[in-house]
Amino acid sequence: METFPEIISVDDHTVEPPNVWRDRLPSKYQDTGPRIVRAPLKEMTFMGGRFAPVMGAQGDDGPIGDWWVYEDLHRPLTRLDTAVGCDRDEIKLEIITYEQMRAGSYSVPERLADMDVNHVQSALCFPTFPRFCGQTFTEAKDRELGLLGVRAYNDWMVEEWCGPEAHGRLIPLTLIPLWDAELAAAEVRRNAARGVRAVAFSEIPPHLGLPSIHTDEWDPFLRACDETGTVIAMHIGSSSKMPSTSADAPPAVGSTITFANCCFSMVDWLMSGKFERFPGLKIMYAEGQIGWIPYILERADVVWEENRGWGGVADKVLRPPSELFAGHVYGCFFDDAFGLRNLDAIGVGNVLYETDYPHSDSTWPKSKEVGESQMGHLASDVVERIVRRNAIELLGLTDDGLWAGPGAGSGT
């Protein structure tokens with residue numbers, strides 16, 4: 001290809017600045033709402049897919065870092081949260097402070113500069129402290145505070161992170177109170193009214209102690225998404241349970257099979273009947289990669305054709321799962337040469353590109369070069385769809401690839 005299109009990344013991340021909740025919660029919650037504390041690390045492990053940090057007391061020995069403290073939760077900032085700019089062999093599980101991370105992780109001007117370096121025009125960003133679908137607030141004891149925390153995050157996301165300073169280049173992704181589908185629907189509608197077209201959700205809600213999508217419990221939320229054109233975005237790990245094989249499996253095992261929850265989740269959705277009931281519904285799998293999709297669609301179609309009678313789906317899944325996939329599901333990737341060689345079996349219109357900035361897996365600052373290498377065999381119009389056009393259409397962006405919500409500003 002002569003020129004590689006400017007990238008619209010559908011999976012980057014923001015590290016929330018320390019003041020997000022302090023500036024937006026009522027004063028009575030200043031001591032219990034999310035806040036940053038600088039403290040030593042006592043111990044931290046990440047084995048069997050489980051992240052387990054322990055904060056030390058002031059004056060204890062151990063490396064010093066910044067911690068999010070919220071009710072009884074102590075969650076440190078780690079190098080894995082923001083690893084871009086570091087040598088890959090030097091990236092390890094360690095606690096850090098804001099001063100030790102790349103400023104583009106939490107500051108809009110520096111983020112835009114890093115996007116420029118990486119040939120990225122626009123980016124949709126998932127949270128860090130709330131976790132990928134707001135599980136942090138769902139697990140909290142105080143539901144009133146949790147709801148205020150969700151709304152405060154969404155207000156910051158829309159008004160500041162994606163505000164005038166971003167010039168439409170940062171695309172809002174909001175959260176919902178997962179514990180109440182009616183409140184979730186109301187939050188979807190509140191944000192849709194100000195131009196938001198993407199909401200985070202869990203890939204496998206039962207892992208969070210929530211109802212599965214095979215129930216009717218989520219219908220108010222799904223209806224709100226359907227009616228407002230809000231895309232349901234599910235990131236790997238949004239069920240608070242990363243795939244692994246045993247309690248003592250090293251992180252490399254889970255890192256290799258991160259797509260697995262997306263795979264399980266997609267089959268759930270294809271066999272749920274929700275796409276028949278909510279025909280405008282769209283879902284996307286961030287960081288799930290795409291190479292696994294063709295076989296799952298093939299197998300799901302066989303099961304639907306041969307076994308739907310006893311399989312419990314004959315009365316609600318009325319079309320082959322591959323047809324439902326084509327109309328409702330998007331796979332997202334940043335490094336998947338195999339998937340791109342099998343693009344015809346997935347669908348050009350069902351694939352989105354991402355850079356995963358600022359995580360350790362990110363292709364920054366060489367996302368353009370990676371894309372050129374892996375998409376070199378594709379026609380230029382196909383590359384344009386994958387890198388830009390599909391995201392523009394799915395997320396309701398302008399033809400120029402910008403978010404045009406209230407206060408977004410204009411230009412680049």
Side-chain angles (χ1 to χ4, degrees), residues 5-17 20 104-116 118-128 130 132-134 150-176 187-201 224-225 227-235 280 282-284 286 330 332 352-358 364 367 384-412:
E6 269 198 299
I7 298 165
I8 298 177
S9 174
V10 297
D11 170 32
D12 286 357
H13 299 264
T14 178
V15 176
E16 300 79 19
V20 169
S105 303
Y106 58 86
S107 172
V108 171
E110 286 83 356
R111 172 60 65 93
L112 298 184
D114 279 353
M115 290 162 62
D116 290 339
N118 200 31
H119 198 66
V120 172
Q121 180 193 24
S122 306
L124 181 84
C125 296
F126 284 81
T128 297
F132 296 148
C133 67
V150 167
R151 289 175 174 166
Y153 176 86
N154 291 341
D155 290 344
W156 169 80
M157 168 61 62
V158 174
E159 297 166 7
E160 289 197 33
W161 185 251
C162 301
E165 200 173 29
H167 304 294
R169 297 181 63 190
L170 295 173
I171 307 162
L173 172 73
T174 52
L175 305 176
I176 55 169
E187 191 62 13
V188 167
R189 296 183 192 281
R190 182 176 83 94
N191 292 306
R194 47 185 179 173
V196 177
R197 290 294 177 267
V199 63
F201 190 62
C225 292
E227 292 175 356
T228 61
T230 300
V231 181
I232 297 176
M234 292 170 283
H235 195 285
K282 308 282 187 181
I283 67 173
M284 56 173 270
Y330 295 78
C332 312
L352 305 167
Y353 199 43
E354 59 188 24
T355 77
D356 196 30
Y357 179 104
W364 186 93
S367 300
E384 172 75 16
R385 287 206 66 82
I386 293 171
V387 176
R388 292 182 56 79
R389 182 54 50 184
N390 288 339
I392 287 172
E393 294 175 359
L394 179 65
L395 299 171
L397 306 180
T398 69
D399 286 341
D400 294 330
L402 302 174
W403 181 60
S410 63
T412 58

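Note that these values count all heavy atoms, side chains included, but never hydrogens, waters or copies made by symmetry.
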Give the intermediate values and the outcome of side chain to side chain contact (heavy atoms under 4.5 Å, CB included) for residues D114 and V120. CA-CA 8 Å; D114 279 353; V120 172; over 6 Å; no
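- Of all the heavy atoms in L175 and C133, the pair that sits closest is CD2-C, 3.9 Å.
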If you apply the rule side chain to side chain contact (heavy atoms under 4.5 Å, CB included), what do you find for L402 with Q121, and how did you get there? CA-CA 8 Å; L402 302 174; Q121 180 193 24; 3.7 Å; yes
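- At least one side-chain heavy atom of T355 sits less than 4.5 Å from a side-chain heavy atom of I7.
- Residues satisfying the side-chain hydrogen bond (donor to acceptor under 3.5 Å, both in side chains) test with E384, not counting sequence neighbours, are none.
- Ring geometry, H13 versus H235: the interplanar angle exceeds 60°, so the pair is classed perpendicular (tilted spans 30 to 60°).
- Here R194 pairs with D155, E159 under the salt bridge (Lys or Arg N to Asp or Glu O under 4.0 Å) rule; sequence neighbours left out.
- Between the CE atom in M115 and the CG atom in L170 there is a gap of 5.0 Å [rounded to 0.5 Å].
- A donor-acceptor pair under 3.5 Å is formed between the side chain of R197 and the backbone N or O of A192.
- In plain terms, the two heavy atoms of I392 and T398 that are nearest each other are CG2-O, 3.5 Å.
- When atom types are taken as modelled, the side chain of N118 and the backbone of S367 share a donor-acceptor pair closer than 3.5 angstrom.
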Run the numbers on V199 and I176 for side chain to side chain contact (heavy atoms under 4.5 Å, CB included), then give the verdict. CA-CA 7 Å; V199 63; I176 55 169; 3.5 Å; yes
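- Checking side-chain atoms of R385 against main-chain N and O of L352 turns up no donor-acceptor pair under 3.5 Å.
- Proximity of a side-chain donor or acceptor of N191 to a complementary backbone N or O of V196 within less than 3.5 Å is not detected.
- Judged purely by atom type and a 3.5 angstrom limit, E227 has no side-chain atom pairing as donor or acceptor with the backbone of R189.
- In terms of heavy atoms, R111 sits closest to G104 at NE-O, 2.7 Å.
- The shortest heavy-atom contact between S122 and G168 is OG-O, 4.3 Å.
- Proximity of a side-chain donor or acceptor of Y357 to a complementary backbone N or O of C125 within less than 3.5 Å is not detected.
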Would you please test Y330 and N390 for side-chain hydrogen bond (donor to acceptor under 3.5 Å, both in side chains) and show each step? CA-CA 9 Å; Y330 295 78; N390 288 339; over 6 Å; no
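- Scanning for side-chain hydrogen bond (donor to acceptor under 3.5 Å, both in side chains) contacts around R389 gives an empty result, with sequence neighbours left out.
- The side-chain contact (heavy atoms from CB on, under 4.5 Å) test applied to R151 returns L147, E187, R190, not counting sequence neighbours.
- Note that OG of S9 is 14.0 Å distant from CH2 of W364, once rounded to the nearest 0.5 Å.
- The existence of a salt bridge linking D116 and R169 is confirmed by a sub-4.0 Å separation between a basic side-chain nitrogen and an acidic carboxylate oxygen.
- Here the closest heavy-atom approach between residue L394 and residue M284 is recorded as CD2-SD, 4.4 Å.
- Annotation: side-chain contact (heavy atoms from CB on, under 4.5 Å) contacts of E16 (sequence neighbours excluded): T14, V20, W21, W68, P127, T128, F129, P130, Y153, W156.
- Residues passing the side-chain hydrogen bond (donor to acceptor under 3.5 Å, both in side chains) test with T174, sequence neighbours excluded: none.
- Nearest heavy atom pair, residue C225 against residue I232, reads SG-CG1, 3.9 Å.
- The closest donor-acceptor contact from the side chain of W403 to the backbone of A123 lies at 3.5 Å or more, if one exists at all.
- Of the inter-residue distances, the one linking L173 atom CG with D12 atom CG reads 11.5 Å to the nearest 0.5 angstrom.
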